[in-house]
**Student:** 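Supplied in structure tokens, the structure appears directly below.
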Amino acid sequence: MNSIKELYQRLTWLSLDVVFGAMGGMLFFSRLLRVQLHWTIYALLGMAVWAIYTFDHLMDARVHPTGSKMDRHGFHQKHGLALWFLLVTVVLVGLYGAYVVFGIGKELFAGGILAVIILLVMLIIRVLPPRFHWLKELNTAIFYVIGIALLPFLRFSFFDWTWETGTITSGYIALAYLNLIMLSFLDAGKDQASGYGSLISVLPKDQLNKVIRILCIAIIVVFFGGVIFLSSFYKLFSCLILIMGLIHYLTFFNPRLSSPQIRYRMEATFFLPWILLVW
């Protein structure tokens with residue numbers, strides 16, 4: 001059992017859980033918007049997400065103090081050279097793959113512009129005064145959902161846009177933001193010790209706990225209502241967000257779970273959209 005836990009821990013340090021969660025999110029939006037995507041597009045998204053998160057973690061590791069206990073920061077410090085090499089390789093392969101799959105056109109251009117914007121905003125937020133550190137989780141949540149939904153939306157006809165589509169998209173952003181501020185809460189001690197900026201840097205822990213509870217309840221109530229009142233096509237998507245919100249709530253506020261257990265269970269909820277493969 002310990003070996004399985006250690007393996008999963010390494011996978012999370014390598015951000016592979018985020019990669020598969022992002023690919024599941026793209027599947028979620030492709031089904032929501034009724035757009036078919038080739039498997040190579042999912043692979044390219046996974047490479048892009050891995051590159052962005054790995055770059056972010058490697059930058060964190062440079063300023064995070066070295067500790068005796070191995071954690072994500074220590075892992076990236078220890079294997080920094082290999083990860084930088086792998087990062088450059090993945091970026092180059094991904095760029096070539098994107099050119100082969102998309103050619104020179106609006107999709108490749110839009111993806112490139114988005115990647116540059118994400119990188120610039122990440123760097124800007126790092127140098128902003130501490131009072132703006134609350135932007136990190138919000139920025140990450142919004143760009144995360146834009147990134148996984150970009151291709152489905154580019155191939156979607158906005159003549160088919162409905163308020164239900166907007167509500168479910170907003171719900172996915174809220175869920176991603178909820179996940180990130182929960183992780184910020186769990187990492188409060190480490191982030192403050194290293195001077196790493198996040199929402200917990202500007203909001204006391206007790207207030208952040210209240211924000212988390214209110215956001216959880218809002219997601220659960222809104223999408224429980226969606227399961228009841230939305231038209232049949234949208235009920236499944238509303239149900240998925242409801243279940244993911246419930247898992248976050250029941251996991252985060254369970255006093256019997258350790259911080260790593262909470263983290264792993266919350267991250268695993270983003271694998272749920274993969275069930276849409278059979279729908």
**Student:** Within a strict 4.5 Å, meaning less than it, do heavy atoms of the S30 and F153 side chains meet?
**Tutor:**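 Side chain of S30 against side chain of F153, heavy atoms only: no contact under 4.5 Å found.
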**Student:** Could you tell me which non-hydrogen atom of Y249 sits nearest to which non-hydrogen atom of C216, and how far apart they are?
**Tutor:**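 Of all heavy-atom pairs spanning Y249 and C216, the closest is CD1-CB, 3.5 Å.
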**Student:** What heavy-atom pair brings L108 and A98 nearest, and what distance separates the two atoms?
**Tutor:**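 Smallest interatomic distance, heavy atoms only, reads CD1-CB, 3.6 Å.
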**Student:** Any side-chain donor-acceptor pair under 3.5 Å between Y264 and S259?
**Tutor:**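 No, no side-chain donor-acceptor pair sits under 3.5 Å.
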**Student:** When clusters are formed from ILVMFWY side-chain contacts under 4.5 Å, directly or step by step, what else is grouped with L92?
**Tutor:**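 Via sub-4.5 Å side-chain contacts, L92 links to V88.
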**Student:** Evaluate T165 against T162 for side chain to side chain donor-acceptor pair (under 3.5 Å), listing each step before the verdict.
**Tutor:** CA-CA 5 Å; T165 303; T162 65; 3.0 Å; yes
**Student:** Are the side chains of F253 and I212 in contact, using a 4.5 Å heavy-atom criterion?
**Tutor:**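 The answer is yes, as the side chains (C-beta and beyond) meet within the 4.5 Å cut-off.
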**Student:** Taking S238 for the side chain and Y234 for the main chain, is one N or O donor matched with an acceptor at less than 3.5 Å?
**Tutor:**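 Side chain of S238 to backbone of Y234, a donor-acceptor pair under 3.5 Å: no, none is there.
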**Student:** Going by heavy atoms in the side chains, are F233 and E164 under 4.5 Å from each other?
**Tutor:**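 In short, these two side chains do not touch, never coming nearer than 4.5 Å.
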**Student:** Side chain to side chain contact (heavy atoms under 4.5 Å, CB included) between L186 and F252: does it pass, once the steps are laid out?
**Tutor:** CA-CA 9 Å; L186 295 175; F252 185 81; 4.2 Å; yes
**Student:** Are the side chains of N209 and K205 in touch, meaning some heavy atoms are under 4.5 Å apart?
**Tutor:**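 A side-chain contact is absent here, since even the closest heavy-atom pair is not under 4.5 Å.
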**Student:** Measuring from L83:CG to K78:NZ, what's the distance to the nearest 0.5 Å?
**Tutor:**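 These two atoms lie 12.0 Å from each other.
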**Student:** State, yes or no, whether a side-chain contact exists between E137 and N179 at a heavy-atom distance under 4.5 Å.
**Tutor:**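 No, side chains not in contact.
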**Student:** Check the pair F29 / T169 against side chain to side chain contact (heavy atoms under 4.5 Å, CB included), numbers first and verdict last.
**Tutor:** CA-CA 8 Å; F29 283 100; T169 301; 3.6 Å; yes
**Student:** Is there a path of hydrophobic side-chain contacts, each under 4.5 Å between heavy atoms of I, L, V, M, F, W or Y residues, that connects F55 with L81?
**Tutor:**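 As far as the 4.5 Å side-chain criterion goes, L81 and F55 are not connected within one cluster.
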**Student:** With heavy-atom distances below 4.5 Å as the criterion, would you say the side chains of L180 and F185 are in contact?
**Tutor:**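 They are not in contact (no side-chain heavy atoms under 4.5 Å apart), so the answer is no.
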**Student:** Can you name the one residue among L45, V18, V19 that meets side chain to side chain contact (heavy atoms under 4.5 Å, CB included) with W50?
**Tutor:**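 Among L45, V18, V19, the one that satisfies the side chain to side chain contact (heavy atoms under 4.5 Å, CB included) with W50 is V19.
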**Student:** Applying side chain to side chain donor-acceptor pair (under 3.5 Å) to T140 and Y177, what does each step give before you reach the verdict?
**Tutor:** CA-CA 8 Å; T140 304; Y177 181 65; over 6 Å; no
**Student:** Checking T12 against R263 for the side chain to side chain contact (heavy atoms under 4.5 Å, CB included) test, could you report, in this order, the C-alpha distance in whole Å, the side-chain angles of both residues, the deciding distance, and whether it holds?
**Tutor:** CA-CA 10 Å; T12 61; R263 177 185 299 275; 5.8 Å; no
**Student:** Counting N and O atoms only, with roles assigned by atom type, does the side chain of T54 sit under 3.5 Å from a partner on the main chain of A51, one being a donor and the other an acceptor?
**Tutor:**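 Not at all, since once roles are kept as given, no pair shorter than 3.5 Å links the two residues.
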**Student:** Nearest heavy-atom pair of G24 and P273: which atoms, and what distance?
**Tutor:**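 Taking G24 first and P273 second, the nearest heavy atoms are O-CB, 3.2 Å.
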**Student:** Is the ring pair Y53/H57 parallel, tilted or perpendicular, if the boundaries are 30 and 60 degrees?
**Tutor:**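 Y53 and H57: perpendicular rings.
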**Student:** Is NZ or CZ of R34 both nearer than 6.0 Å to the six-membered ring centre of F156 and within 45° of the ring axis?
**Tutor:**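 The answer is no, since R34 fails at least one limit relative to F156.
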**Student:** Anything under 30° is parallel, anything over 60° is perpendicular, the rest tilted; go ahead and classify Y144 against F270.
**Tutor:**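 It falls in the perpendicular class, over 60°.
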**Student:** Measuring from L175:CG to H248:NE2, what's the distance to the nearest 0.5 Å?
**Tutor:**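 Here the interatomic distance stands at 5.5 Å.
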**Student:** Under 4.5 Å between any side-chain heavy atoms of L44 and F102, yes or no?
**Tutor:**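 A side-chain contact under 4.5 Å exists here.
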**Student:** Quick check: are there more than 12 heavy atoms from other residues, nucleotides or ligands sitting under 6.0 Å from CZ of F271?
**Tutor:**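 Yes.
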**Student:** Which atom names give the shortest non-hydrogen contact between I41 and L37, and what distance separates them?
**Tutor:**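 Where I41 meets L37 most closely, the heavy atoms are CD1-CD2, 4.1 Å.
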**Student:** Would the distance check show the side chain of T89 and the main-chain N or O of F85 forming a donor-acceptor pair, the cut-off being under 3.5 Å?
**Tutor:**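 Flag set: sc T89 to bb F85 pair under 3.5 Å.
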**Student:** Is there a chain of hydrophobic side chains (I, L, V, M, F, W, Y, each step under 4.5 Å between heavy atoms) that links L33 to V145?
**Tutor:**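 Looking at the clustering, V145 is in the same group as L33.
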**Student:** Check this for me: F224, atom CZ, are more than 12 non-hydrogen atoms of other residues, nucleotides or ligands nearer than 6.0 Å?
**Tutor:**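 No, CZ of F224 has 12 or fewer neighbouring heavy atoms, counting only those of other groups under 6.0 Å.
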**Student:** So, taking the atom named OH in Y172 and the one named CG in L240, what distance separates them when rounded to the nearest 0.5 Å?
**Tutor:**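 So the OH of Y172 and the CG of L240 are separated by 8.5 Å.
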**Student:** Between F20 and W274, what is the shortest heavy-atom contact and its length?
**Tutor:**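 Closest approach of F20 to W274, heavy atoms only: O-NE1, 3.0 Å.
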**Student:** Going by heavy atoms in the side chains, are I146 and I118 under 4.5 Å from each other?
**Tutor:**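 The answer is no; the side chains never approach within 4.5 Å.
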**Student:** When you group the ILVMFWY residues by side-chain heavy-atom contacts below 4.5 Å and let the links chain together, are F28 and M266 in the same group?
**Tutor:**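 Yes, it is one cluster - the side chains of M266 and F28 are joined through contacts under 4.5 Å.
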**Student:** Are more than 12 heavy atoms from other residues, nucleotides or ligands located less than 6.0 Å from atom CZ of F109?
**Tutor:**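 Incorrect, the count does not exceed 12.
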**Student:** With rounding to the nearest 0.5 Å, note down the distance linking CG in L215 to CD1 in I220.
**Tutor:**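 Interatomic distance, L215 CG to I220 CD1, rounded to 0.5 Å: 9.5 Å.
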**Student:** Rounded at 0.5 Å granularity, tell me how far CZ in R265 sits from CG in L257.
**Tutor:**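 Taking CZ in R265 and CG in L257, the distance rounds to 4.5 Å.
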**Student:** Do you know which two heavy atoms are closest between M244 and T269, and how far apart they sit?
**Tutor:**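 That would be CE-O, 3.6 Å.
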**Student:** Between W39 and I148, is there shared hydrophobic-cluster membership here, with clusters defined by ILVMFWY side-chain heavy atoms closer than 4.5 Å?
**Tutor:**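 Different hydrophobic clusters.
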**Student:** Rounded to the nearest 0.5 Å, what's the gap from CD1 on I173 to CD1 on I168? Could you check?
**Tutor:**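 Reported to 0.5 Å precision, the distance equals 12.5 Å.
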**Student:** Is it true that a side-chain atom of R31 and a backbone atom of L276 form a donor plus acceptor pair closer than 3.5 Å?
**Tutor:**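 A pair under 3.5 Å: yes.
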**Student:** Applying side chain to side chain donor-acceptor pair (under 3.5 Å) to Q261 and S258, what does each step give before you reach the verdict?
**Tutor:** CA-CA 5 Å; Q261 289 174 320; S258 65; 3.3 Å; yes
**Student:** For the side chain of K235 and the backbone of I228, is there at least one donor-acceptor N/O pair under 3.5 Å apart?
**Tutor:**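 Yes.
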**Student:** Carefully, step by step, assess F223 and V227 under the rule side chain to side chain contact (heavy atoms under 4.5 Å, CB included).
**Tutor:** CA-CA 6 Å; F223 289 95; V227 172; 5.7 Å; no
**Student:** Taking the hydrophobic residues Ile, Leu, Val, Met, Phe, Trp and Tyr, and joining any pair whose side-chain heavy atoms are under 4.5 Å apart, which ones share a cluster with L120?
**Tutor:**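 Answer for L120: V116.
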**Student:** Looking at I214, I241, L246, which hits side chain to side chain contact (heavy atoms under 4.5 Å, CB included) with I219?
**Tutor:**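 That would be I241; it is the only one of I214, I241, L246 passing the side chain to side chain contact (heavy atoms under 4.5 Å, CB included) with I219.
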**Student:** Between I243 and L178, is there shared hydrophobic-cluster membership here, with clusters defined by ILVMFWY side-chain heavy atoms closer than 4.5 Å?
**Tutor:**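 Same cluster: I243 reaches L178 through Ile, Leu, Val, Met, Phe, Trp or Tyr contacts under 4.5 Å.
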